[in-house]
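Structure, as structure tokens:
Lettering follows sequence order; numbering is per chain, from 1.
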There are 2 protein chains.
Amino acid sequence: MVSDKTIARLSLYRRLLKVLEGEGVRSVFSQQLATMAGGTAAQLRRDLMEVGYSGTPNNGYEVARLADSIRDFLDVPGGQSVVLVGVGNLGKALLSYFATRRSSLQVVAAFDSDPYKVNRVIHGCRCYPMDSLSEVLKGQTATVAVIAVPAAGAQGVAEALTRAGVRGILNFAPVRLRVSPNVYVEDIDMTVALEKVAYFGRPIAGRTRKEPPA
Amino acid sequence: MVSDKTIARLSLYRRLLKVLEGEGVRSVFSQQLATMAGGTAAQLRRDLMEVGYSGTPNNGYEVARLADSIRDFLDVPGGQSVVLVGVGNLGKALLSYFATRRSSLQVVAAFDSDPYKVNRVIHGCRCYPMDSLSEVLKGQTATVAVIAVPAAGAQGVAEALTRAGVRGILNFAPVRLRVSPNVYVEDIDMTVALEKVAYFGRPIAGRTRKEPPA
DNA sequence: GTAACGCTGTTACGCTTTTCACAATCAGTA
DNA sequence: TACTGATTGTGAAAAGCGTAACAGCGTTAC
Ligand SMILES: NC(=O)c1ccc[n+]([C@@H]2O[C@H](COP(=O)([O-])OP(=O)(O)OC[C@H]3O[C@@H](n4cnc5c(N)ncnc54)[C@H](O)[C@@H]3O)[C@@H](O)[C@H]2O)c1
Ligand SMILES: NC(=O)c1ccc[n+]([C@@H]2O[C@H](COP(=O)([O-])OP(=O)(O)OC[C@H]3O[C@@H](n4cnc5c(N)ncnc54)[C@H](O)[C@@H]3O)[C@@H](O)[C@H]2O)c1
């Protein structure tokens, strides 16, 4: 079983490779790519062991082929559909960002309990009422969801999502979700992140540390 | 030196304690609090060793006093000022969220390069032009900053912030910032987070893992 | 009063993740 | 061809982190 830290870095490597590809770079050394990713060359090579693509000594990695290998490793062939629940301040920002991106992940639907938002199209994505969640998800076979509702509603939304077959949840609400163990939950807790930054960046002493992997 | 993982959990514990306090709960056992935080009792007790507050056997922890102890440990006495750079879709959502919160961290100013946003007040926070950054920061002695500008501008903004004395940066741009080693940077990379969820939540096999600490 | 119970603080252990180090490999060169 | 110099893949060591276990202590029951 491959570590989730490695998965996160592979995703980052791929994005950096795409940038290099756009710049016309053909090949790259582990040292260069690792520096861009904020890691070490050894770690990058170790991560790449998982995907099975081998570079050549003295030539490094072929940018396009390595990006393809990571894609084959990370993405599911037909792509995956993503749904967003909670079209508030944060939800709208997320839609504006992810709706435009072209990738294997595609945001296909948004949901909100507010009747004023239902049936509107926001950043190219239609907003459905909550009670149509299971119906819409069945049609889309979405396995990934983003939760951007207030804390009070998050647990209920998570349960509805898992009932509808969602297997992975990106949760922005400041609550730890109680879900079945075969559902993967990733929390993004901005308040905690900001307090961490404040602690290590505090003015007085606060001996600084190396930036940890996000 | 205390681990950044521990700092993150302490911040989470404190938030949970505040909820309990609001519910009128007087004391709590490590087992209960740990479950709320998504961790184990042993880990919670280990974390609490750092803050120096001791519970009593058979009575657990006094909610209010433990919260105070964590506050004394995490916060700097006079509070800390936070500035936000980049008042776009995400920046506005962040302002709406953090500007209202009452805590030791207070968002005192926002900055943007867009002249249409400058001098407007957004969610109670005034937006300044970029060239007044060092001046405003000197007056506020802000040590913490949030970067929510597009990737292309992030490195330049980070350099301007560090020149102005910022010691901690919460970075939402999908770029690894190159900064002086005595500046703490925390990256929140939502694209990577979403791809991680997609990977572990992929429909076919994907044996699921325990949720890792965010 | 005292024995039994339950929870905490802390030390020791084990696992996960990162780093180190080096043999194997390949291009260039004379 | 044989040699040099640089880079990769990977086993082994190190570090970091979480988990388990247990001694100590306060509380309760009788
Ligand atoms: N910058 C930010 O906005 C920010 C930062 C950190 C954390 N968060 C967290 O993200 C979440 C959303 O924040 P926000 O600022 O967008 O809030 P918001 O109030 O602007 O939006 C919440 C949206 O969710 C909808 N909603 C509420 N309950 C629902 C339910 N049970 N089912 C479906 N939809 C429901 C509301 O109609 C609203 O549109 C919150 O949990 C918040 O704590 C937000
Ligand atoms: N949901 C999201 O919006 C989302 C999700 C993931 C990542 N991000 C990242 O967050 C950042 C901001 O996203 P956004 O959606 O708010 O973008 P946006 O385009 O809506 O807003 C960017 C803002 O930054 C300002 N700006 C641009 N260059 C600047 C500079 N050099 N100095 C100061 N201000 C500058 C612009 O005027 C604009 O107001 C981006 O790096 C994006 O990749 C956003």
Side-chain angles (χ1 to χ4, degrees), chain A residues 1-13 17 20 25-63 65-66 69-70 73 176 196 200 207 209-214, chain B residues 1-13 17 20 25-63 65-66 69-70 73 176 192 196 200 207-214:
Chain A
M1 171 58 66
V2 46
S3 143
D4 64 307
K5 309 271 183 68
T6 295
I7 296 298
R9 283 190 296 265
L10 286 175
S11 165
L12 176 57
Y13 299 152
L17 287 168
L20 290 177
V25 177
R26 288 310 191 97
S27 66
V28 66
F29 296 137
S30 63
Q31 179 60 248
Q32 304 174 287
L33 190 53
T35 301
M36 294 184 228
T40 69
Q43 186 172 60
L44 177 128
R45 294 201 298 269
R46 176 146 292 256
D47 290 334
L48 258 42
M49 285 179 63
E50 303 287 350
V51 319
Y53 175 78
S54 280
T56 57
N58 246 10
N59 277 21
Y61 304 93
E62 211 174 325
V63 171
R65 293 178 69 77
L66 177 54
S69 294
I70 295 178
F73 182 80
R176 305 292 142 164
K196 206 159 75 167
F200 287 110
R207 288 263 46 78
R209 296 164 51 84
K210 263 194 77 208
E211 169 189 357
Chain B
M1 173 58 68
V2 45
S3 144
D4 64 306
K5 309 274 182 68
T6 294
I7 298 298
R9 283 190 296 265
L10 286 175
S11 166
L12 175 57
Y13 299 151
L17 287 168
L20 290 177
V25 177
R26 288 312 192 94
S27 65
V28 66
F29 296 137
S30 64
Q31 179 61 247
Q32 304 175 285
L33 190 54
T35 301
M36 293 185 229
T40 69
Q43 186 173 62
L44 172 88
R45 295 202 297 270
R46 158 70 70 99
D47 289 334
L48 257 42
M49 285 178 63
E50 302 288 349
V51 320
Y53 174 78
S54 280
T56 57
N58 247 10
N59 277 21
Y61 304 93
E62 211 174 323
V63 171
R65 293 179 70 77
L66 178 53
S69 294
I70 296 179
F73 182 81
R176 305 293 142 163
V192 165
K196 205 159 77 167
F200 287 110
R207 289 261 46 80
T208 50
R209 295 165 53 85
K210 261 194 81 217
E211 168 190 0

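- Every residue two or more places apart in sequence or in another chain that forms a side chain to side chain contact (heavy atoms under 4.5 Å, CB included) with A:Ala8 is listed here: B:Val192, B:Lys196.
- Of all the heavy atoms in B:Leu44 and B:Ala34, the pair that sits closest is CB-CB, 4.2 Å.
- Separating the CG atom of B:Leu44 from the P atom of D:dA20 is a distance of 15 Å, rounded to the nearest angstrom.
- Within the 4.5 Å cutoff, no side-chain heavy atoms of B:Leu17 are placed close to those of B:Tyr61.
- For B:Ser30, the side chain to side chain donor-acceptor pair (under 3.5 Å) test picks out B:Arg45, with sequence neighbours left out.
- Distance, A:Asp4 CG to D:dC17 C1': 14 Å, rounded to whole Å.
- Between the P atom of C:dT8 and the CD atom of B:Gln31 lies a distance of 9 Å, rounded to the nearest Å.
- One can place NZ of A:Lys5 at 10 Å from C1' of C:dT18, the figure rounded to the nearest angstrom.
- Across all strands shown, A:Gly39 has no heavy atoms under 4.0 Å from either base or sugar-phosphate atoms.
- A:Gln31 is linked by a side chain to side chain donor-acceptor pair (under 3.5 Å) to A:Thr35, counting only residues two or more places apart in sequence or in another chain.
- Remark: B:Tyr13 engages B:Asp47 in a side chain to side chain donor-acceptor pair (under 3.5 Å) (not counting sequence neighbours).
- A:Ser69 contributes a side-chain N or O that, together with a main-chain N or O of A:Arg65, makes up a donor-acceptor pair within less than 3.5 Å.
- Here D:dG16 presents its P atom at 17 Å from CD of B:Gln43, a figure rounded to the nearest Å.
- Remark: A:Ser30 is in phosphate contact with D:dT8, judged by side-chain N or O atoms under 4.0 Å from OP1 or OP2.
- Among the heavy atoms of the strands, none lies under 4.0 Å from B:Thr6.
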Can you check nucleotides 9-14 of chain C for protein contacts, nitrogen or oxygen pairs under 3.5 Å, and list what you find?
from: C:dG9; atom 1: OP1; to: B:Ser54; atom 2: OG; distance (Å): 3.2
from: C:dG9; atom 1: OP1; to: B:Gly55; atom 2: N; distance (Å): 2.6
from: C:dG9; atom 1: OP2; to: B:Tyr61; atom 2: OH; distance (Å): 2.7
from: C:dG9; atom 1: N7; to: B:Arg45; atom 2: NE; distance (Å): 3.0
from: C:dG9; atom 1: O6; to: B:Arg45; atom 2: NH2; distance (Å): 3.1
from: C:dA12; atom 1: N6; to: B:Arg46; atom 2: NH2; distance (Å): 2.7

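- When rounded to the nearest whole Å, the span between CE of B:Met1 and P of D:dA15 equals 17 Å.
- Between the CG atom of A:Leu33 and the P atom of D:dT7 there is a distance of 14 Å, given to the nearest Å.
- Among residues two or more places apart in sequence or in another chain, the side chain to side chain contact (heavy atoms under 4.5 Å, CB included) test is passed with B:Phe29 by B:Gln32.
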Might you list the N or O atoms of the protein lying below 3.5 Å from N or O atoms in nucleotides 2-6 of chain C, with each pair's distance?
from: C:dG6; atom 1: O4'; to: B:Asn58; atom 2: OD1; distance (Å): 3.3

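- Under the ring-ring contact (aromatic ring centres under 6.0 Å, His included) criterion, B:Tyr53 pairs with no residue, sequence neighbours left out.
- Rounded to an integer number of Å, the gap from CG of B:Asp47 to P of C:dT8 is 14 Å.
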